[in-house]
Amino acid sequence: MANEFAPCTEAQKAAVLERLAVIRQNIADSCAAAGRDVSDVTLMAVTKTVSPELINLAVDQGVQVLGENRVQEFLSKRDAYRSSAEVQFIGHLQTNKVKQIIDKVTLIQSVDSLHLAEAIDKAAAQQGIVMPVLLEVNIGGEASKSGVSAEELPKLLEAVGKLKAVRADGLMTIPPPCFDEAEQCRTFTAMQQLYQQMQQIAPLKILSMGMSGDYAAAIRCGATLVRIGSALFGARQYPPQANTLT
Ligand SMILES: *Cc1c(COP(=O)(O)O)cnc(C)c1O
């Protein structure tokens, strides 16, 4: 797929640089508003549908962490990425695809069942590594979303804690889309409280929440990692045959 991308125009590259500057300013402002240090917040570039050329431009500007949603797209593009980039998996992951990515990512953010955690544990053990993961929480309680409920989270965290080749480092959430900032903050604050409570079960250090439309609120409410796609790379252009993918 890497070679399906047309070369980027100078205007496209300039737009990414401009958007990155805006995002960094917003992150700094949100940190300041919350009395937090900017170094507490990691900016992840979410790469779905984006050409490796633009992704590398962001990496060259110091965006070190990339977020991948789809196994096939990731495998087809990764050879073109800067070797310095750190890749985390953030999409829904089928257990039968774990093996394809286990040695190519540094963290898996989207663990929402013991079944998946066990598959990661098995694959990581075969590689002789311990894979850090985040547990994905369905904080909005939406029936259509993946993620474990807040009620089931402690049980899953305890069970994952017993696995030898998987380590839970934090929580991740994709809240329902919402344009009201007060409502965004209620959701993110609920996540932050859950994150604090779970520290009694495991020492968590990553709270992954906030995307293009709500990362400022997420940071004010305690996010340590924000996942940003369209605000950095522009609106996603899906190829016609892939328009069912999100
Ligand atoms: C696509 C995606 C993002 C980024 O979405 P934007 O709104 O474009 O910033 C973040 N997290 C996950 C899990 C995604 O799939």
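Both counts, for ligands and for their atoms, begin at 1 and track the order of listing. Just so it is clear, the model here is predicted, and its values are computed rather than measured.
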Checklist entry - Of the listed options (V46, T49, I174), which comes nearest to atom 13 (C) of ligand 1 when hydrogens are ignored and any heavy atom counts? => result I174
Checklist entry - Against heavy atoms of N69, which atoms of ligand 1 measure under 4.0 Å? => result 14 (C), 15 (O)
Checklist entry - T49 and Q237: side-chain donor and acceptor closer than 3.5 Å? => result no
Item to check | Minimal non-hydrogen separation, S230 against R236, with atom names | outcome: N-NH1, 3.8 Å
Item to check | Side-chain donor-acceptor pair present, N56, Y81, cut-off under 3.5 Å | outcome: no
Item to check | D29 and Q25 side chains, donor-acceptor separation under 3.5 Å | outcome: yes
Item to check | S230: numbered ligand 1 atoms lying under 4.0 Å from its heavy atoms | outcome: 6 (P), 7 (O), 8 (O), 9 (O)
Next on the checklist: I need the atoms of ligand 1 closer than 4.0 Å to a non-hydrogen atom of R227, numbered in the order shown.
Outcome noted: 4 (C), 9 (O), 10 (C), 11 (N), 12 (C), 13 (C)
Next on the checklist: Looking at ligand 1, would M44 count as a contact under a 4.0 Å heavy-atom criterion?
Outcome noted: no
Checklist entry - Salt bridge between D79 and K77, side-chain N to carboxylate O under 4.0 Å? => result no
Checklist entry - Using heavy atoms and a threshold below 4.0 Å, how should the contact between Q109 and ligand 1 be classified: side chain, backbone, both, or neither? => result neither
Next on the checklist: Salt bridge check, R82 against D60: does any charged N sit closer than 4.0 Å to a carboxylate O?
Outcome noted: yes
Checklist entry - For ligand 1, which atoms sit closer than 4.0 Å to a heavy atom of I228? => result 9 (O)
Next on the checklist: Please report whether ligand 1 has a polar contact with G229, defined as an N or O pair separated by less than 3.5 Å (distance criterion only).
Outcome noted: yes
Item to check | Numbered atoms and elements of ligand 1 in range of S212, under 4.0 angstrom, heavy atoms | outcome: 6 (P), 7 (O), 8 (O), 9 (O)
Next on the checklist: Distance check, rounded to the nearest 0.5 Å: R227 atom CZ versus T42 atom OG1?
Outcome noted: 12.5 Å
